[in-house]
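Here's the structure, in structure tokens; my notes come after.
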Protein chains: 2
Amino acid sequence: MGRKSLKETRRLEIIKVFYQVAKKEGYENTSIAKIAKVMDINPSLIIHYFETKEGLTYELIDHILDRYLLIYTIKNKGKATLADIQGTIEMLFSKKWNLLFDDGLFYTFYALAFREKKIKLKYKLILDALRNGLALMIEQCNEQHITNVENPQVTADFIFVLVDGAYFYLSMESDKKAYLDRLAYYKQKAYDALSISSVKAVSAPVC
Amino acid sequence: MGRKSLKETRRLEIIKVFYQVAKKEGYENTSIAKIAKVMDINPSLIIHYFETKEGLTYELIDHILDRYLLIYTIKNKGKATLADIQGTIEMLFSKKWNLLFDDGLFYTFYALAFREKKIKLKYKLILDALRNGLALMIEQCNEQHITNVENPQVTADFIFVLVDGAYFYLSMESDKKAYLDRLAYYKQKAYDALSISSVKAVSAPVC
DNA sequence: ATATTAATTGAATGTTCATTCAATCTATTA
DNA sequence: TAATAGATTGAATGAACATTCAATTAATAT
């Protein structure tokens, strides 16, 4: 008896709006009042569902990291193909995953991790998950003799160092051509580490 | 006639305290009032010297980036020695430069750069200066046949990708041994890129 | 010593903030 | 339809914030 709980849907709605507002105006400029205004609800309703702003923030971080994890979906086929690993490399060095989450916010909370152990652990977990996923994929490729990588984990880590290091610098680069050239260079380094050939360039569609 | 201006010394004092407080409590939790309290001066004096908090923030960023630049001092000898370049690599992959500036703040403002073009330009300038400095050093080593690197700029960039990528991940790593092992691995990659041997391990001093 | 210039204070402003609490509304079930 | 439980509101709180302005203090030059 009593009313049906909207708790989970409402919470998710709030987090999503929080994300959008923070994306636009920055996390430090996003208040509970602002979120409430956008949603056309009362600020106290947000407190009702999250208790404190800190609680709300933690959930936003989870939300962003979940999206970050979507960079690649690990296919549980058990057998990764050449196309799979090529697709993963292409994805990692493309800008597609910028659509998944906001870089600025990702780094904002990354910076916060230096002062908050809880957040640091969250980030560590996600970064490891990605690296382990790639290592697993390389292992499967090894088994099928698609690759012959001595230490899949070390190679996976190395590829992510290339990705993270490249984007760290390139995020400050505004010259589009320079951006793409550099990225292509580091992508090739990744292919070299795997000793596989890069995916064939797809010809542009004729309009 | 009139009183001697303390403007520059006072400004620097304020920025330094701002830095210390922000380091401890985080930039977003550092108010003008807090800085003033630590300095035992009136908050309005800070406004008097910096006009707005934004102005103060920009100067703090400059301050941090200046320190970041100290990662290595470019010796204008004109002729870099093997020891110079080895020293530089050792420095880049050591934790010594964590003493120069606070990582958390560095990333906080890095994140801010995604929304503020001015800051992005500042960061770009510094990142390029470091890369160009290393490229120059490699060129000098080439001339003396210490190294034989085909493209010094590309190699310098690559080494910084290793540095940035490694620290990006390792900043979230709390296991000390894992941290050092990984760092050593990427340092070796840097030496490989230069085709020079790493510096000999220095034996620990006997106490 | 007096004029001048800058340093510094202190009080006041208005805004925004997170959070509280009690009151009201609304859907669901018995 | 009446009881119930959760959803939502609205008003209020007190703290902290950046910034203002006029007043005061202190050093330097003539």
Side-chain angles (χ1 to χ4, degrees), chain A residues 1-61 63 105 108-109 112 115-116 118-119, chain B residues 1-61 63 105 108-109 112 115-116 118-119:
Chain A
M1 66 187 85
R3 196 167 166 179
K4 197 173 142 198
S5 174
L6 299 179
K7 197 169 182 178
E8 286 317 309
T9 35
R10 224 33 174 156
R11 282 168 62 93
L12 194 59
E13 275 176 31
I14 293 168
I15 289 166
K16 282 183 175 174
V17 173
F18 188 12
Y19 172 69
Q20 292 300 334
V21 176
K23 181 177 168 178
K24 196 172 203 177
E25 312 196 18
Y27 167 67
E28 58 275 10
N29 301 318
T30 306
S31 64
I32 289 177
K34 279 187 188 170
I35 300 167
K37 193 164 200 175
V38 171
M39 295 184 75
D40 200 30
I41 60 172
N42 200 288
S44 50
L45 188 59
I46 295 177
I47 292 288
H48 173 245
Y49 281 122
F50 292 94
E51 316 242 330
T52 67
K53 198 192 176 185
E54 198 191 22
L56 181 57
T57 296
Y58 281 138
E59 305 240 11
L60 175 58
I61 292 173
H63 180 67
L105 284 179
T108 295
F109 294 127
L112 212 54
R115 276 182 298 116
E116 309 238 8
K118 251 191 208 173
I119 300 177
Chain B
M1 68 184 90
R3 195 169 167 175
K4 199 173 139 200
S5 174
L6 299 177
K7 198 169 181 179
E8 286 317 311
T9 35
R10 228 25 177 161
R11 281 168 63 92
L12 193 60
E13 275 175 31
I14 294 168
I15 289 165
K16 282 184 176 176
V17 173
F18 188 10
Y19 172 70
Q20 292 300 332
V21 176
K23 182 178 169 177
K24 197 172 201 178
E25 311 197 19
Y27 166 67
E28 58 275 7
N29 300 319
T30 306
S31 65
I32 289 177
K34 279 186 189 172
I35 300 167
K37 195 165 200 177
V38 171
M39 296 183 73
D40 200 29
I41 60 171
N42 201 287
S44 50
L45 188 58
I46 295 177
I47 291 289
H48 173 246
Y49 282 122
F50 292 94
E51 316 243 329
T52 66
K53 198 193 176 185
E54 199 191 21
L56 181 57
T57 297
Y58 281 138
E59 305 240 12
L60 175 58
I61 292 173
H63 180 67
L105 284 179
T108 295
F109 294 127
L112 213 53
R115 275 180 299 118
E116 310 236 9
K118 252 192 209 172
I119 300 178

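Order of the sequence lines fixes the chain letters, A, B, ..., with proteins taken first and strands second; residue numbering starts at 1 for each chain.
- Between B/Gln20 atom CD and B/Lys24 atom NZ the span is 9.5 Å, to the nearest 0.5 Å.
- Of the residues in residues 18-44 of chain B, B/Ile41, B/Asn42, B/Ser44 come within less than 4.0 Å of DNA chain C through at least one heavy atom, sorted by number.
- Side-chain proximity of B/Leu45 to the nucleotides D/dT9, C/dT8, C/dT19 is greatest for C/dT8.
- In this structure a side-chain-to-backbone donor-acceptor pair under 3.5 Å is missing from B/Arg11 to B/Phe50.
- Here the NZ-CG distance, from A/Lys53 to A/Leu60, works out to 10.0 Å after rounding to the nearest 0.5 Å.
- Contact annotation for B/Phe50: no contact, since no heavy-atom pair falls under 4.0 Å across all strands.
- Rounding to whole angstrom units, NE2 of residue B/His48 and P of C/dG10 are separated by 16 Å.
- Distance OH (A/Tyr49) to P (D/dT9): 10 Å, rounded to an integer number of Å.
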- Task: Assess whether salt bridge (charged side-chain N to carboxylate O under 4.0 Å, His left out) is satisfied between B/Lys118 and B/Glu54, documenting all intermediate values.
- Result: CA-CA 12 Å; B/Lys118 252 192 209 172; B/Glu54 199 191 21; 6.0 Å; no
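- Comparing atom distances between the B/Leu6 side chain and each of C/dT8, D/dT19, C/dT19 picks out C/dT8 as nearest.
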Are A/Glu28 and B/Leu112 close enough, and set up right, to give a side-chain contact (heavy atoms from CB on, under 4.5 Å), and what steps lead you there?
-> CA-CA 10 Å; A/Glu28 58 275 10; B/Leu112 213 53; 3.1 Å; yes
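- A/Ile61 CD1 to A/Thr108 OG1: the interatomic distance, rounded to the nearest 0.5 Å, is 10.0 Å.
- Between A/Phe18 and A/Tyr27, the angle of the ring planes lies from 30° to 60°, which puts this pair in the tilted group.
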Atom pairs under 3.5 Å: protein N/O with N/O of nucleotides 28-30 of chain C:
| from | atom 1 | to | atom 2 | distance (Å) |
| --- | --- | --- | --- | --- |
| C/dT28 | O4' | A/Gly2 | O | 3.4 |

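- The number of heavy atoms from other shown groups lying within 6.0 Å of CD (B/Glu51) does not exceed 12.
- Listed by residue number, the members of residues 7-16 of chain A with any heavy atom below 4.0 angstrom from DNA chain D are A/Lys7, A/Arg10.
- Scanning all heavy atoms of the two residues, the minimum distance from A/Thr9 to A/Leu6 falls at OG1-O, 2.8 Å.
- Distance CD1 (B/Ile47) to C1' (C/dT8): 14 Å, rounded to an integer number of Å.
- The minimum heavy-atom distance linking A/Ala22 with A/Thr30 is given by the pair CA-OG1, 3.3 Å.
- For the pair B/Ile46 CD1 and C/dA7 P, the interatomic distance rounds to 14 Å; values are reported in whole Å.
- Residues B/Met39 and B/Arg10 share a closest heavy-atom pair of CE-NH1, 4.3 Å.
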